[in-house]
There are 2 protein chains.
Amino acid sequence: MSMKRLTTEDVARIAGVSQSTVSRVLNDYPYIKKHTREKVLAVIEELGFTRDEIARSLVEKRTKSIGLILGSISNPFFAETAEVIIERAQQLKYDVIVYNTGHKDENLEQAINLLIGKRVDGIILTSVSKNYTEKIKKLHDNGFPVLLYNSFLEIEDVNFIVMDNNKGARLAVRHLLGLGHEKIAKISGPSKYLATYERTLGYKQELTENGYEIDEDLIFNSEFSYDEIYSFTKKLLKNKDRPTAIIAASDQMALAVLGAASSLDMKIPDDLSVIGFDNIKLASNEFIGLTTISQKMDQMSLTALEKLIYMIEHKEEAASSIQIFLEPELMIRQTTGPAAKQDRV
Amino acid sequence: MSMKRLTTEDVARIAGVSQSTVSRVLNDYPYIKKHTREKVLAVIEELGFTRDEIARSLVEKRTKSIGLILGSISNPFFAETAEVIIERAQQLKYDVIVYNTGHKDENLEQAINLLIGKRVDGIILTSVSKNYTEKIKKLHDNGFPVLLYNSFLEIEDVNFIVMDNNKGARLAVRHLLGLGHEKIAKISGPSKYLATYERTLGYKQELTENGYEIDEDLIFNSEFSYDEIYSFTKKLLKNKDRPTAIIAASDQMALAVLGAASSLDMKIPDDLSVIGFDNIKLASNEFIGLTTISQKMDQMSLTALEKLIYMIEHKEEAASSIQIFLEPELMIRQTTGPAAKQDRV
DNA sequence: CCATTTTTTGAATACGTATTCAAAAAAATG
DNA sequence: CATTTTTTTGAATACGTATTCAAAAAATGG
């Protein structure tokens with residue numbers, strides 16, 4: 001039996017003032033008699049009244065909500081991102097509506113539409129595929145604050161914050177070449193993501209520049225599915241001329257690779273070196289010790305939120321676009337080591 | 001230069017009908033002439049009009065949003081929970097406002113207030129401390145749909161879904177006793193959580209019933225802080241009469257324990273057996289192979305969401321309270337093994 | 001074809017807040 | 001004390017939708 005909600009009208013009646021006065025008290029309007037203000041506040045306190053933010057949003061044409069569209073929250077990369085963004089947003093009095101696309105384009109489209117319908121003040125968007133270039137551009141051109149996170153699009157003005165993926169991949173390859181690896185596999189995300197594409201490109205370039213031929217059989221363009229990567233890796237590692245090292249497109253993927261290798265009783269890094277991307281917190285856990293390319297995630301997500309809020313609260317300013325590339329960093333840990341001598345199975 | 005948003009009024013004017021007619025078309029009201037409906041839909045399509053859900057919420061007194069209050073999203077237990085809940089909610093046309101309390105009571109309080117202000121239709125609440133019993137009870141008594149997830153309170157009618165924590169802890173202890181362990185440490189969460197409390201209780205009871213004395217030095221009530229647990233474990237393991245096994249209050253904590261042990265070059269499970277709680281996905285990864293007490297998280301979170309939605313959409317029904325205890329299950333993997341012979345350092 | 005019923009539409013209103021406009025009260029000025 | 005200025009308040013309105021109420025149009029029945 002849910003009670004009728006209290007309104008400013010109710011407060012006004014009991015306090016013996018008008019609804020407008022109550023509203024003014026709530027908004028710290030200066031021209032209110034001290035006595036009146038105190039009386040109203042007392043009634044508010046006594047009744048436990050709370051403002052209806054929905055009605056307020058309708059009038060003020062803003063919701064103090066932002067949308068956060070993630071590929072998959074159960075991937076620690078997204079989870080850690082979400083944590084930073086949500087906590088900072090809360091401090092800034094914004095709340096965060098989270099969507100999980102499962103990396104499916106149709107979910108991304110639905111999420112955007114629903115968020116626009118809910119009148120969020122802005123959206124942070126991870127993992128945008130090339131297929132959505134037009135849609136994002138339209139939003140942006142309408143003056144709607146959107147920020148691409150860990151992904152970018154080849155559009156003039158759109159805002160993004162992303163790592164230099166090409167360079168990251170090169171760091172990984174260089175590290176492995178230095179350890180004597182010559183057969184290095186690349187497990188890549190879907191090529192519809194430019195970030196993913198860039199990583200594969202960097203991998204190829206660095207190999208080529210060092211005089212190696214590209215073996216396309218060593219490159220796997222997967223969806224971000226644990227199971228798929230797990231089985232692919234198992235198959236790959238059962239080959240007679242299996243690679244001695246694998247670069248995964250994310251730490252999450254690297255864990256799938258490690259799992260697959262372990263299930264074949266391979267020793268890491270003696271039998272196989274593995275590198276991830278992201279540097280999730282778990283990567284530095286000594287029990288795991290994953291070598292990876294660090295994205296400086298905390299900085300990236302904090303910046304993303306603050307830039308978005310800035311865009312929201314300074315719409316009138318000439319919208320200079322925000323395009324940030326962060327430097328990747330190689331974190332060497334225990335999953336990479338010297339290439340095994342030619343003791344192929 | 002953000003354009004003025006289109007309203008039903010605009011659509012009506014262009015289509016040459018009244019605002020009410022447009023609204024009726026949007027809501028699939030049956031008594032609309034086919035011709036009129038088509039004309040309106042055509043205009044909507046052409047203009048790319050989308051409904052303002054804020055205004056709609058104000059009228060309908062529901063927002064189709066739910067609140068999800070989590071302890072810490074970067075903990076995979078919460079992340080995996082969130083993923084299931086968010087995806088199912090999206091299917092049911094609800095969106096999810098996520099808060100991260102960092103296990104701090106004051107953030108929990110703020111989150112609840114903000115969500116109530118935003119007029120969410122219901123709230124799923126994880127990790128509620130005993131200190132909030134009254135607040136939750138008041139919400140519930142006001143007919144507001146709240147569901148406690150992975151926690152419970154000693155209140156008559158409140159709704160919750162939780163594992164039988166006592167039994168879970170007993171399973172863990174029994175397993176370790178069976179392997180010959182006699183010094184079993186327990187790293188527990190804050191005692192303000194009843195769930196945590198129950199686990200510690202089960203641990204003690206099972207030990208006592210098997211004829212062992214409780215050694216309070218082996219019980220550590222920590223916050224859910226990785227660093228804190230990490231250092232505590234290190235200290236614990238450096239003791240001359242260190243335990244041969246540790247039961248952690250969550251898989252996340254178990255990983256901290258494993259990290260600490262690894263940093264001391266201890267071999268798992270030869271030098272130390274470790275058990276977690278939750279059975280996050282990573283636990284079954286062969287590279288890690290964490291023995292743990294499974295919570296059946298997918299089922300738990302799916303049920304939580306569906307029960308909450310049911311409560312929201314059937315408020316009129318006599319609110320029989322929902323109180324679900326799930327059975328824990330021991331998942332034996334590679335982080336537990338026979339107790340080392342008395343080769344104490 | 002008229003009376004009745006059913007379908008279709010628009011005008012008016014409600015939702016709960018913020019704000020404009022105007023008036024009343026209080027304070028300041030001469 | 002009369003006038004002007006400043007402070008304080010309330011009535012009315014807007015935000016964008018859904019819905020009630022009433023009227024108009026169309027269909028049905030005899």
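Here the structure is a predicted model, which is why all the values come from computation and not from measurement. To find a chain, count down the sequence lines: A is the first, B the second, and so on, and within it residues start at 1.
Between B/Tyr29 and B/Leu58, it is B/Leu58 whose nearest contact on DNA chain D lies nearer the 5' terminus. Between B/Lys34 and A/Arg56, it is B/Lys34 whose nearest contact on DNA chain C lies nearer the 5' terminus. Each of B/Tyr31 and B/Gly16 lies near DNA chain C, and the nucleotide nearest B/Tyr31 is the one positioned closer to the 5' end. Closest-nucleotide positions on DNA chain D for A/Val17 and B/Gln19 were compared, and the one nearer the 5' end corresponds to A/Val17.
In the displayed structure, A/Lys130 atom NZ is contacted under 6.0 Å by more than 12 heavy atoms of other residues, nucleotides or ligands. Around the NZ atom of A/Lys39, the shell of radius 6.0 Å holds more than 12 heavy atoms that belong to other residues, nucleotides or ligands. Residue-environment remark: NZ (B/Lys307) stays at or below the threshold of 12 foreign heavy atoms within 6.0 Å. No more than 12 heavy-atom neighbours from other residues, nucleotides or ligands sit within 6.0 angstrom of CD on B/Glu45.
Heavy atoms of A/Thr36 sit under 4.0 angstrom from primed sugar atoms or phosphate atoms, though from no base atom. Nucleic acid contact for A/Thr7: sugar-phosphate only, since backbone atoms but no base atoms lie under 4.0 Å from a heavy atom of the residue. When heavy atoms are screened at a 4.0 angstrom cut-off, A/Thr21 is found touching the sugar-phosphate backbone but no base atom. Contacts of B/Arg51 with the nucleic acid, taken as non-hydrogen atoms under 4.0 Å apart, involve only primed sugar atoms and P, OP1 or OP2.
When DNA chain D is scanned in the 5' to 3' direction for atoms under 4.0 Å from non-hydrogen atoms of chain B, the outermost contacting nucleotides are D/dG16 to D/dC21.
In this structure, D/dT7 and C/dA24 make a Watson-Crick or G-U wobble pair, each of the two defining distances being under 3.5 angstrom. With a 3.5 Å ceiling on both atom-pair distances, the Watson-Crick or G-U wobble partner of D/dA2 is C/dT29.
Between B/Ile73 and B/Asn100 the shortest heavy-atom distance is N-OD1, 2.7 Å. Contact record, A/Lys118 with B/Ser65: NZ-OG, 3.1 Å, taken as the closest heavy-atom pair.
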